[in-house]
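Naming: A, B, ... by sequence-line order, numbering from 1 per chain.
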Amino acid sequence: SHLLVAEPEKLFAMPDPLQPDTAQRTLTTLCDLADRELVVIIGWAKHIPGFLSLSLADQMSVLQSVWLEVLVLGVAYRSLGCEDEVVFAEDFVLDEDMSRAAGLTELNAAISQLARRFRTLNLDREEFVMLKAIALTNSDSIYIEDMEAVQKLRDLLHQALLELECQRRPDDPQRAGRLLLTLPLLRQTAGRALTTFYSIKTRGGVPMHKLFLEMLEA
Amino acid sequence: KEKHKILHRLLQNST
């Protein structure tokens, strides 16, 4: 219930109505949305029990390594209801054609694959918030100084997931494990997102906010 | 840390 309360309000992408609906506008909207999501994710992380007990340096290392996993998990969860469409925001849904036009075919295929996996599992909101908090603490950053503290947080959230599933689905003892086994695909998908955003940055021409650039370069 | 100024600042904000 703590995690449900910590869940941020949804963001809107608000594509610029004065700009023609081009690939350029799609990418600009996407990068602007990602920047605002980042601010929200950083604020959200502070509400995850124990996160603020990490040193500031470790909080930074953790977020720098997992922010895209947290972001992508949210997008995949929002996309559960629609096949082959990626819901970056309620007012910014990219189907296959729009994705192709913007050069986002591979990213959208990857997020759709993750969303399909969650759809098959019938992932619900409680499980989604649990998994997102676990993804935060599942960092493998080599810059973490006190890995034991991060591991302790991870164990705590893992335990909470086990208890949740034990209460709600005592007939399905594999449920928690099945959810945790989606984490490799989440990491792979976030890797795809990183490659995509990085190549947009390298090509240039799409405005990117400072925080987004800072995290992309981290 | 100088390179990650904004993240640093956002984490230090009390919100």
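- With values rounded to the nearest 0.5 angstrom, Ile42(A) atom CD1 is found 5.0 Å from Leu7(B) atom CG.
- Of all the heavy atoms in Ile6(B) and Lys210(A), the pair that sits closest is CD1-CB, 3.4 Å.
- Interface residues of residues 12-30 of chain A toward chain B, defined by a heavy-atom distance below 4.5 Å: none.
- Lys5(B) contributes no side-chain N or O that, together with a main-chain N or O of Glu214(A), makes up a donor-acceptor pair within less than 3.5 Å.
- Heavy atoms from other residues, nucleotides or ligands lying under 6.0 Å from CD of Glu217(A) number more than 12.
- Contacts between Leu38(A) and chain B at a heavy-atom distance below 4.5 Å are absent for every atom of the residue.
- Proximity to chain B is limited to the side chain of Phe51(A), based on heavy atoms less than 4.5 angstrom apart.
- Taking CE from Met60(A) and CG from Leu10(B), the interatomic distance works out to 10.0 Å, rounded to the nearest 0.5 Å.
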